[in-house]
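One structure below.
In listed order, ligands and their atoms are each counted from 1. Values reported hereafter were calculated over all heavy atoms of this structure, with side chains retained and with hydrogens, waters and symmetry mates removed.
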Amino acid sequence: MAVTADVVVAGGGVIGTAIAWRAAAAGLEVVLVDPERGDATSLVAAGMLAPASEALFGEGALLRINLLALARFGSFAAELEEVTGRRAGLRREGTLAVAYDPGDYAALMRLTAFRRSAGLDAEELDSRACRKLESFLTPDVHGGVLFAGDWSVDNRRYAAALREAAAVAGVRMVRDRVTEVLIRDGRARGVAVADGETIGSAQVVVAAGCWSGEVGGLPAGLRDVVRPVKGQLLRLRHPEGMPPVLAHTMRATVRGADVYLVPRADGEVVVGATSEERGPDRTVTAGAVHDLLHDAMSVLPVTSELILAETCAGLRPGTPDNGPVVGGFGAGSGHGGLLLATGHYRNGILMSPVTADAIVACLTGQPPAAEWAPFTPERFVSGADAR
Ligand SMILES: Cc1cc2nc3c(=O)[nH]c(=O)nc-3n(C[C@H](O)[C@H](O)[C@H](O)COP(=O)(O)OP(=O)(O)OC[C@H]3O[C@@H](n4cnc5c(N)ncnc54)[C@H](O)[C@@H]3O)c2cc1C
């Protein structure tokens, strides 16, 4: 066993890198292992930090963790920017949700009533008031709702800053793939990597996004829990000299289809996204590009003048209950020292700071925040599976 550390983190997306940074900052010796194939979902995402405009019926526990996550994001990003001298591209303008036709509006109002009943701020606006906020919006829009509490972040800048912060804090980066968590006498002892080496550690965190189930050594119930949910997305750019066409994150429902546009300070506008059950497929299809642009242009016609800079697809780590899988296993489970931080599905950028807090709490023998109770790995593991 050539290398040893206190903790090995498998996976260097925003989740694994945030954990590695905070664990090292807490005084632990950390090795972060990632094959760096360039397919991390964290580099595809739109970067919305939007618990209010994303709250859905039946996802109360998820809403509570997302609200905790937003409350933590500001201080986390401030420390990140201070440590690295890099900007994460945080924006606090809020989300304007607009409805294209009366049917879309009725659906938005049903969701808005639910979100209000959950205590979220939501200001109803008629078409004219929407256009006061976003002057390029089509007058055809039926009406909308401002969720002023939502934020966004430039996830690529944020991910780069996390990586630098981890390096500054002394995290050792290993470019490889974890094949297996080594378990002996009911405890994690480290990991085996693809090049045949092993890395010894008393604690192991599996944070490999939608690929987490491929890591050997997990309890049986967890091997198939995380699945890839494909999302296709576009990145547009303003032509030289063109003033910004959008101030808020905009979510639109256009004859039942959802699209969002997320502006960045550097002139990028992210347009997304599809949600497809297609296994590990990451191809970009003509139909998706057409539909996303068509729906975006229906509400913001000026979109047609922006430059189509990039098309991409990523794999959200989805779970059967849409909730993340964060934490370890109880005493006597046969998996002492093994922790999971995966399954963040649609909200992994948002949840990365609070996930790092929860995992570092577990690593240092503290209880994580109470909001995590519904999201432990143990919910997917029966007693017999654990061993
Ligand atoms: C189109 C789209 C839009 C999205 N928009 C948002 C948004 O607006 N807001 C938001 O909060 N979230 C959003 N998400 C979700 C978010 O991107 C994910 O939840 C988040 O990126 C998951 O981060 P992660 O670190 O777990 O996974 P990833 O970023 O996928 O990282 C996993 C890493 O594990 C590595 N890995 C794989 N196998 C192994 C192994 N065996 N050993 C070691 N390393 C391994 C991979 O190389 C990869 O780097 C979006 C996702 C998509 C697809």
Side-chain angles (χ1 to χ4, degrees), residues 8-20 31-51 53-54 62 65-66 69-70 73 95 150-156 158-159 162-163 173-181 191-194 199 204-218 226 228-235 249 251 259-262 270-276 280 282 284 288 292 311-319 322 324-326 340-356:
V8 175
V9 180
V14 291
I15 298 294
T17 312
I19 291 166
V31 174
L32 177 62
V33 185
D34 193 298
E36 297 176 32
R37 298 171 302 218
D39 53 2
T41 309
S42 301
L43 302 179
V44 172
M48 290 177 289
L49 310 175
S53 65
E54 288 222 346
L62 200 56
I65 202 79
N66 282 339
L70 185 65
F73 212 97
T95 302
D150 283 354
W151 296 357
S152 70
V153 71
D154 184 331
N155 46 293
R156 289 181 174 174
Y158 173 65
L162 280 175
R163 202 172 159 79
M173 318 262 181
V174 173
R175 187 173 187 166
D176 210 326
R177 183 172 56 85
V178 171
T179 53
E180 189 178 358
V181 180
V191 300
V193 293
I199 305 171
V204 174
V205 183
V206 175
C210 72
W211 300 277
S212 296
E214 293 172 12
V215 176
L218 303 188
V226 184
V229 181
K230 178 179 176 181
Q232 301 188 52
L233 174 147
L234 318 174
R235 288 187 150 77
T249 291
R251 285 179 171 275
V259 68
Y260 55 73
L261 298 95
V262 186
V270 179
V271 180
T274 66
S275 185
E276 305 165 64
R282 290 180 64 241
V284 174
L292 291 171
T311 62
C312 53
L315 303 173
R316 303 174 185 89
T319 62
N322 294 343
V325 183
V326 173
L340 269 85
T342 182
H344 293 79
Y345 192 31
R346 307 184 309 254
N347 297 117
I349 309 295
L350 169 63
M351 280 193 246
S352 49
V354 282
T355 300

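Between the side chain of Thr342 and the backbone N or O of Gly209, at least one donor-acceptor pair lies under 3.5 Å. Looking at Thr179, its side chain does come within 3.5 Å of a backbone N or O of Ala192 through a donor-acceptor pair.
Contact annotation: for Ser152 versus ligand 1, there are no heavy atoms closer than 4.0 Å. Neither the backbone nor the side chain of Phe73 comes within contact range of ligand 1; no heavy atom lies under 4.0 Å. Only the backbone of Val33 comes within contact range of ligand 1, with a heavy atom under 4.0 Å; no side-chain atom does. By the criterion of a heavy-atom distance under 4.0 Å, the side chain of Arg37, and not its backbone, is placed next to ligand 1.
Comparing heavy-atom distances from atom 23 (O) of ligand 1 across Ser42, Gly348, Ala45, Gly13 singles out Ser42 as nearest. Here atom 25 (O) of ligand 1 lies nearest to Ile15 when heavy atoms of Val270, Ile15, Val153, Val174 are compared. Among His344, Arg346, Glu36, Lys230, the residue whose heavy atom lies nearest to atom 6 (C) of ligand 1 is Arg346.
Interface of Val215 with ligand 1, defined as ligand atoms under 4.0 Å from a residue heavy atom, comprises 41 (N). Ligand-side atoms of ligand 1 in range of Asp34: 33 (C), 34 (O), 35 (C), 44 (N), 46 (C), 47 (O), 48 (C), 49 (O), range being under 4.0 angstrom from any heavy atom. Of all atoms in ligand 1, listed by their number and element, those nearer than 4.0 Å to a heavy atom of Val14 are 25 (O). Atoms of ligand 1 lying under 4.0 Å from at least one heavy atom of Met48, given by number and element, are 7 (C), 8 (O), 9 (N), 10 (C), 11 (O). Near Gly231, meaning under 4.0 Å from any of its heavy atoms, are these atoms of ligand 1: 1 (C). Which parts of ligand 1 touch Gly11 is read off a 4.0 Å heavy-atom cut-off, strictly below it: atoms 34 (O), 35 (C), 43 (C), 44 (N). Remark: ligand 1 atoms within the under-4.0 Å shell around heavy atoms of Asn347 are 10 (C), 11 (O), 12 (N). Proximity to Ile349 (heavy-atom distance under 4.0 Å) selects the following atoms of ligand 1: 10 (C), 11 (O), 12 (N).
Within the structure, ligand 1 has Pro317 among the residues with a heavy atom less than 4.0 angstrom away.
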Test side chain to side chain donor-acceptor pair (under 3.5 Å) applied to Ser53 and Tyr260, step by step: CA-CA 11 Å; Ser53 65; Tyr260 55 73; over 6 Å; no
Full working for side-chain contact (heavy atoms from CB on, under 4.5 Å) between Val33 and Val8: CA-CA 7 Å; Val33 185; Val8 175; 3.9 Å; yes
Derivation and outcome, side chain to side chain donor-acceptor pair (under 3.5 Å), residues Asn66 and Glu54: CA-CA 10 Å; Asn66 282 339; Glu54 288 222 346; 5.8 Å; no
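For the pair Ala341 and ligand 1, the shortest N or O to N or O distance does not fall below 3.5 Å. Looking at ligand 1, you won't find any N or O of Trp211 less than 3.5 Å from one of its N or O atoms. Residue-to-ligand polar distances keep Asp176 apart from ligand 1: every N/O pair is separated by 3.5 Å or more. In terms of polar-atom proximity, defined here as any N/O pair under 3.5 Å, Arg316 makes no such contact with ligand 1. Considering both main-chain and side-chain atoms, Leu315 never comes within under 3.5 Å of ligand 1 through any nitrogen or oxygen pair. Distances between N or O atoms of Gly47 and those of ligand 1 include at least one value under 3.5 Å. For Ala40, no nitrogen or oxygen atom sits less than 3.5 Å from a nitrogen or oxygen atom of ligand 1, counting backbone and side chain alike.
Ala46 N, 3.2 Å is the protein heavy atom nearest to atom 5 (N) of ligand 1. Atom 41 (N) of ligand 1 has its closest protein heavy atom at Val178 O, 2.9 Å. The nearest protein atom to atom 45 (C) of ligand 1, hydrogens excluded, is given as Pro35 CD, 3.6 Å; this is a heavy-atom distance. The protein non-hydrogen atom at the shortest distance from atom 39 (C) of ligand 1 is Ala208 CB, 3.8 Å. Atom 3 (C) of ligand 1 has as its closest protein heavy atom Tyr260 OH, 3.4 Å. If you check which protein heavy atom lies closest to atom 18 (C) of ligand 1, you get Tyr345 O, 3.7 Å. When hydrogens are left out, the protein atom nearest atom 28 (P) of ligand 1 is Thr41 N, 3.6 Å; that is the closest non-hydrogen contact. The protein heavy atom nearest to atom 27 (O) of ligand 1 is Gly209 CA, 3.5 Å.
Considering only heavy atoms from C-beta on, Val229 comes within 4.5 Å of Ser275 through its side chain. The closest side-chain heavy-atom distance from Val181 to Val215 is below 4.5 Å. At a threshold of 4.5 Å between non-hydrogen side-chain atoms, the residues Asp150 and Pro51 count as touching.
Across all their heavy atoms, Ile19 and Ala341 have their closest contact at CD1-CB, 3.5 Å. The minimum heavy-atom distance linking Met48 with Val262 is given by the pair CG-CG2, 3.6 Å.
At least one cation-pi condition fails for Arg177 and Trp211: the charged atom is not both under 6.0 angstrom from the six-membered ring centre and inside a 45 degree cone around its axis.
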